[in-house]
Amino acid sequence: MLKLKINNKDVEVEEGLTVLQACEYAGVEIPKFCYHEKLSIAGNCRMCLVEIEKSPKPIASCATPAVEGMNIKTNTSFVEKARKGVMEFLLANHPLDCPVCDQGGECDLQDQSMLYGIDKSRYKENKRAVPEKNMGPLIKTIMTRCIHCTRCIRFATEVAGVPELGAIGRGEDMQITTYLEKSMQSELSANVIDLCPVGALTSKPYVFEARPWELKKTETIDVMDAVGSNIRVDTYGWEVKRVLPKINEDINGEWISDKTRYACDGLLNQRLDSPFINRKGKFTKCSWKEAFELIKSKVKSTEPDKICGISGDLVNMETLYIFKEFFNKHLNSKNLEFRNDYIYINPEKRENYLFNSSINGIEESDFIFLIGTNPKFEATILNARIRKAYLKNKTKIISLTDVGDLTYPYTKLDGKTDIIKEIINDQHSISSIIKEAKKPLIIFGQSSLSLKSSKYIFESIKTYLIKNKKISENWNSLNIISDNASTIGNLDLGFYQTIDGANQVLENLKNHKYDLVYLLGQDSLEFNKQNEFIIYQGSHGDKGAQIADLILPGAAYTEQNGYFTNLEGKLQKAYKASYPPGESKEDWLIINELTQIINEKKIFKNKEELESSMLNYLNLYKEKNFKKTNSEKINLEFFSEKILIKDKDYYYSNPIARASKTMFYCKNEKINLKSTGTEG
């Protein structure tokens, strides 16, 4: 520990801190523009000047290491004069845009100029002007406002891993730009908007929409992928205006993906706001009573084993739980499933479907082996953690398949399942790497679990890890990347029907063995409908609604409270920021009211009772002693095949994203870059 004096107070701080960090540790706030705790130190803005005893000049506190015996002063007239001089330089060329600037009200320059700005400028020269730059459909640029803090450049290079932003020119002629005047080829690109301390980089879809003080702010959970990023949803009346990151160091840090940030405009488009009945190929509006009575008549005239329910990607756990109760206890049917394809699952132990090493644990790993996954698109924030692990520890990364640019170097193999067989038989170089690594990460993607030999791949690798003591209480190397926000919740709640990992419900559905099909927010199912009566409950008029005979309008994730479990098994609650449009209802309420119509009794009296019952179920589930199985004794059939990464459309991955105008522009931009050959 170092002993310092800050503003005449004795302070002890850890070694290795800068003067700025030491001051913040002591509770003294230092103004800054270029410094950011997640980025490298630049020392550009000079706003963080402080006085050090025996130093003739003020020093930049962000770039000066704290040393034993320092006497630091941050509130003297000498420091104030120095900061005012810096502010005068920064404002010399800054346009008077505050009334029309989207950064107004949450601008660092605006805040600091209130303390250190002056009412007159001594500079009579003309202000410089910088032409606007094209940074794609997400980032609006007004570079005349730029103060050259270089936060955006450092983020793009260090965190996003796309060194496409840079500075050209010197002095007054310096400009920050993308080198080829194109959009940043990163799924994290829009985080530069949050980093920009002035209004040089702002949100293009949000331009002139609202002022910060007009918006209602709700802290909630993202559902665009299985990471469960913590976010803040800002609403104006019913409309969701923007989504911003909320800091959670265990999950997303302070970054979010572009899809998380911008797919929210899809909440306004193609919404279902009333029940509809399909009469001779044409949808007509009906009342809730009429819709429920129709379902009742269909249920009464259908055998329980001829009824099935399939849930979707964005369904919260309360809805899944009440839906399961409705099927099991009121319809006497167990035909429930969440998979819309033939993915292998082994739900006997919870570790068989979780990201067991945890998102934070990625940074501790010394070897990462990717099996049938492209984390850049499947879990963008998780991919950023892998890049951080590489930069921090020079972690060796191998992918069984070539998946293109992942923002970090990795060794590419040919993607054949024969390599897995060689590894578990200690006939491949990867075998020794796994054995020698202290904390290896074996990451399975959904593409590796949809093969003929998926069972062999998963179970044999797991057995191999157990045999080599890579699965223990201290560290579990077995990891699965789930595709969707509701996947782990479905597995925890037993929302599946499987023998030996197979998808029996989907197989029966494709063989037309069901007469009544209930799609609960399921918009990715592909099958040739024949005589099935299909009920669709969801928020958007998407693929599920198009094949339905009856549509029940539900609520989106921002319009109801609900629990979600992320890919590492953390239970988090999403909070209601808005409310459903028209006659739409919260999903759990629809099931509860439907049960009352069919059986004259609600399943739960209120939402609190539902939540309590579900949480008790989850606690019992986690405490359960599952039957231990030895994979070596299971009949594992090997097939020599190649793992092909499923080409999932990143920007159109769910009904909200498909209804988003911004995601449409992003997709078009990517197509244009591919066609012109300028894609990074």
Side-chain angles (χ1 to χ4, degrees), residues 4 6-7 16-26 28-67 70-96 98 103 107-123 125 127-128 130 143-155 157-158 165-176 192 194-201:
L4 314 172
I6 299 174
N7 294 338
L17 296 184
T18 63
V19 171
L20 186 147
Q21 289 169 327
C23 289
E24 288 187 340
Y25 179 81
V28 177
E29 190 174 343
I30 304 288
K32 54 191 177 288
F33 292 119
C34 69
Y35 173 80
H36 192 277
E37 60 184 9
K38 294 292 176 67
L39 305 175
S40 61
I41 293 168
N44 293 346
C45 71
R46 321 307 284 182
M47 195 65 205
C48 63
L49 295 173
V50 296
E51 184 181 353
I52 303 285
E53 194 176 62
K54 296 181 182 177
S55 173
K57 295 179 180 178
I59 60 109
S61 61
C62 71
T64 306
V67 295
M70 260 188 176
N71 187 358
I72 304 162
K73 295 174 183 175
T74 69
N75 55 5
T76 62
S77 58
F78 179 68
V79 170
E80 188 175 354
K81 184 181 178 184
R83 290 175 183 170
K84 281 187 174 181
V86 171
M87 180 59 72
E88 192 175 358
F89 274 120
L90 291 175
L91 295 177
N93 282 309
H94 198 79
L96 299 173
C98 295
Q103 198 85 348
C107 173
D108 292 351
L109 185 65
Q110 208 174 47
D111 295 341
Q112 299 299 340
S113 63
M114 288 292 290
L115 290 170
Y116 300 106
I118 52 175
D119 60 346
K120 294 185 181 73
S121 175
R122 289 177 284 176
Y123 298 101
E125 294 81 9
K127 289 180 183 283
R128 72 179 191 133
V130 181
M143 300 312 289
T144 304
R145 298 171 183 164
C146 180
I147 61 168
H148 302 159
C149 71
T150 68
R151 278 187 183 183
C152 54
I153 297 174
R154 284 175 283 149
F155 171 82
T157 307
E158 296 164 19
L165 277 176
I168 57 173
R170 297 184 66 188
E172 192 180 61
D173 296 325
M174 179 177 167
Q175 296 180 27
I176 288 172
V192 298
D194 298 330
L195 288 171
C196 185
V198 294
L201 303 176

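Just the heavy atoms: all of them, side chains too, but no hydrogens, waters or symmetry mates, feed the values below.
Listed for the N93 side chain is no donor-acceptor partner under 3.5 Å among the backbone atoms of K127. Formation of a donor-acceptor pair under 3.5 Å by the R83 side chain with backbone atoms of C48 is not found in this model. Between the side chain of R145 and the backbone N or O of G199 there is at least one donor-acceptor pair closer than 3.5 Å. Side chain of S61 to backbone of V19: no donor-acceptor contact under 3.5 angstrom is found. With R46 contributing its side chain and A60 its backbone, the two residues share no donor-acceptor pair below 3.5 Å.
Scanning all heavy atoms of the two residues, the minimum distance from P197 to Q103 falls at C-NE2, 4.2 Å. Scanning both residues, R128 and C146, for their nearest heavy atoms gives NH2-O, 3.5 Å. Smallest separation of non-hydrogen atoms from V67 and L4: O-CD2, 2.9 Å. Residues K73 and V50 approach most closely at O-CB, 3.7 Å, considering heavy atoms. Minimum interatomic distance between M174 and A167 (heavy atoms only, all atoms of both residues): CE-CB, 3.6 Å. Residues A26 and I6 come closest through the heavy atom pair CB-CD1, 3.9 Å.
Within 6.0 Å of OH on Y123 lie more than 12 heavy atoms contributed by other residues, nucleotides or ligands. By the neighbour-count criterion of 12 heavy atoms within 6.0 Å, atom CZ of R154 is densely surrounded, having more than that number from other residues, nucleotides or ligands.
One finds the SG atom of C152 at 8.5 Å from the CG atom of L195 (value rounded to the nearest 0.5 Å). Interatomic distance, CG of D108 versus CZ of F33, reported as 6.5 Å (0.5 Å rounding). In this structure, SG in C23 is found 7.0 Å from CG in N7, a value given to the nearest 0.5 Å. One finds the CG atom of D194 at 9.0 Å from the CZ atom of F155 (value rounded to the nearest 0.5 Å). To the nearest 0.5 angstrom, L91 atom CG is 14.0 Å from Y116 atom OH. In this structure, the separation between CD1 on I153 and CG on L165 is 6.5 Å, given to the nearest 0.5 Å.
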Criterion side chain to side chain contact (heavy atoms under 4.5 Å, CB included) on H148 and L90, from CA distance to verdict: CA-CA 9 Å; H148 302 159; L90 291 175; over 6 Å; no
Set out, in order, the CA-CA distance, both residues' side-chain angles and the distance that settles side chain to side chain contact (heavy atoms under 4.5 Å, CB included) for T18 and C62, then state yes or no. CA-CA 6 Å; T18 63; C62 71; 5.6 Å; no
Quick one, E51 with I72, criterion side chain to side chain contact (heavy atoms under 4.5 Å, CB included). Give me CA distance, side-chain angles, the key distance, then yes/no. CA-CA 6 Å; E51 184 181 353; I72 304 162; over 6 Å; no
Mind running side chain to side chain contact (heavy atoms under 4.5 Å, CB included) on I52 and N71 for me, showing each step along the way? CA-CA 6 Å; I52 303 285; N71 187 358; over 6 Å; no
For K120 and E88: C-alpha separation, side-chain torsions, deciding distance, then whether salt bridge (charged side-chain N to carboxylate O under 4.0 Å, His left out) applies. CA-CA 9 Å; K120 294 185 181 73; E88 192 175 358; over 6 Å; no
With salt bridge (charged side-chain N to carboxylate O under 4.0 Å, His left out) as the criterion, how do K84 and E80 come out once you've worked through the C-alpha distance, each side chain's angles and the decisive distance to 0.1 Å? CA-CA 6 Å; K84 281 187 174 181; E80 188 175 354; 3.6 Å; yes
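For E24 and K32, the salt-bridge test passes: some basic side-chain N is under 4.0 Å from an acidic carboxylate O.
Checked by atom type, the side-chain pair S40/E158 shows a donor-acceptor distance below 3.5 Å.
Looking only at side-chain heavy atoms (C-beta outward), R151 and L39 come within less than 4.5 Å of each other.
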